[in-house]
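Contents: one structure, followed by commentary.
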Amino acid sequence: MTQKDYMNQGEQYILKTYNRFPVVFEKGEGVYLYDVDHKKYLDFGAGIAVFALGYGNQAYNNALKDQIDKLIHTSNLYYNIPAVEAAKKIVEASKMEKVFFTNSGTEAIEGALKVARKYAYNKDNSKDYEFIAMNHSFHGRSQGALSVTGNAHYQDGFVPEQFRAVFAEYNNLEDVVSKITDKTCGIICEVVQGEGGIYPADPEFLEGLRKVCDEKDILLIFDEVQCGMGRCGSMFAHDLYGVKPDVLAVAKALGCGVPVGAFVVNKKADGALVPGDHGTTYGGNPLACAAVNAVFDQFEELKIPEHAREIGSYLFEKLEELKDSYDFITAHRGIALMQGLEFAPEKPVGEIVKKALEKGLILISAGNNVIRFVPPLVIEKEHVDEMIEILKERFE
Ligand code: PLP
């Protein structure tokens, strides 16, 4: 079949909730993807901030192959070795208490929200709780995750007003504090907003949230589904701030392409959920957890967070130069290998992303006319240079 045939069949059989780009990828190598016509693409999207290790990491691939031959699934009615090992690794890396494995970032958020509700319920048996979430946030597409996603575009038609969180301005502590009531059971925010347009949290904001949550005994939830797992130059983005959440949600690079997420609780939140309160058939299965273990092992061996920091500084320099050279680039934000360039309205990023793809460069847009740069964490300076050259050509 030709590339066109696959696309036609995709349109025929896959529910149309995406406007897909006209390409069918077949294989990957390092930081490059290849389509079915063998055209090569430099990947600065990593499957939306997922494939941290790049394509074809042999240690990772072999760990999965070995696990497939041993055991793929048993259920959470029993223990399995990869899950125990992976949970230990996450607990040690996060210095938190316990892990619940999920199949996606959305489910990690769902679980985190349930922890906060149950924690509050255990105190007063009230059934009426609300969350404070941030404008322009993104936490996923299920009903619960959408209820705290601060973007009407995603909520309208799906989440009735009464089920929505109370929304506050990101990085505006006063606004958050003014919205706390007796009903508030949790405050949720991304440490770096991703879909919203790459906005890192201000240190004072996170410190202030921690303080007010402690004072009022409200659980603080950090969503690190996109910004966690080395992308910001430390294992978790909140490590850079020295502020700990009560519940942490991670996914994406946690399994580097094998669908797995997790929510992690600290001592205070541990015990809020008891047997019967939450569950999943697949979450934490041996195959998914073998991926998590291989990711942690490779992160350590290849010093991935340190590498992300180093190449991230180089990317920062290069994007800053780009911003200074073109008037239509109006802002540059981000940390390490999670950066964004904002463009003036007369330069729609959709067009730039489309043209870049034609020239063999994968980019992803975000928020309000922003290109986000979330490459595999194994990229090198030469790949940054290659990306900048292609991007500049697209500006002419
Ligand atoms: N939270 C954040 C910050 C995200 O960026 C995403 C996905 O992009 C999600 C949650 C949802 O994760 P998933 O798509 O794995 O369900």
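As the structure lists them, so they are numbered: ligands from 1, and atoms in each ligand from 1.
Annotation: His332 is in aromatic contact with Phe316 [ring centroid separation under 6.0 Å]. A ring-centre distance under 6.0 Å is found for Phe205 and Tyr170. The ring of His136 has its center no closer than 6.0 angstrom to the ring center of Tyr199. Taking the six-membered ring for Trp and the full ring otherwise, Phe222 and Phe263 have centroids separated by 6.0 Å or more. Proximity of the aromatic rings of Phe101 and Tyr282 is defined here by a centroid distance below 6.0 angstrom, and this criterion is not met.
Ligand 1 does not have Glu107 within reach: every non-hydrogen atom of the residue lies 4.0 Å or more from it. Contact analysis leaves Ile48 out of contact with ligand 1, as no non-hydrogen atom separation drops below 4.0 angstrom.
Looking at atom 5 (O) of ligand 1, its nearest protein heavy atom turns out to be Gln226 NE2, 2.8 Å. At the top of the distance list for atom 1 (N) of ligand 1, counting protein heavy atoms only, stands Asp223 OD2, 2.7 Å. Atom 15 (O) of ligand 1 has its closest protein heavy atom at Gly105 N, 2.9 Å. Val225 CG1, 3.7 Å is the protein heavy atom nearest to atom 9 (C) of ligand 1. Scanning the protein for heavy atoms near atom 8 (O) of ligand 1, the closest one is Lys252 NZ, 3.1 Å.
Between Glu190 and ligand 1, a contact under 3.5 Å exists for no N or O pair. Inclusion of Ile109 in the set of residues having an N or O under 3.5 Å from an N or O of ligand 1 is not warranted.
Note on Lys381 versus Asp385: no salt bridge recorded, every NZ/NE/NH1/NH2 to OD/OE distance being 4.0 Å or above.
Listed for the Arg333 side chain is a donor-acceptor partner under 3.5 Å among the backbone atoms of Ile198.
The residue Arg141 has no part lying near ligand 1, judged by heavy-atom distances below 4.0 Å. Counting heavy atoms closer than 4.0 Å to ligand 1, residue Thr106 contributes atoms from both its backbone and its side chain.
Using a 4.0 Å cut-off to heavy atoms of Ser104, the atoms of ligand 1 that qualify are 15 (O), 16 (O). Listed by number with element, the atoms of ligand 1 under 4.0 angstrom from any heavy atom of Glu195 are 8 (O).
Both tests hold for Lys347 against Phe328: distance to the six-membered ring centre under 6.0 Å, angle to the ring axis within 45°. Relative to the six-membered ring of Tyr34, Lys27 meets both conditions, a distance below 6.0 Å and an angle of at most 45° to the axis.
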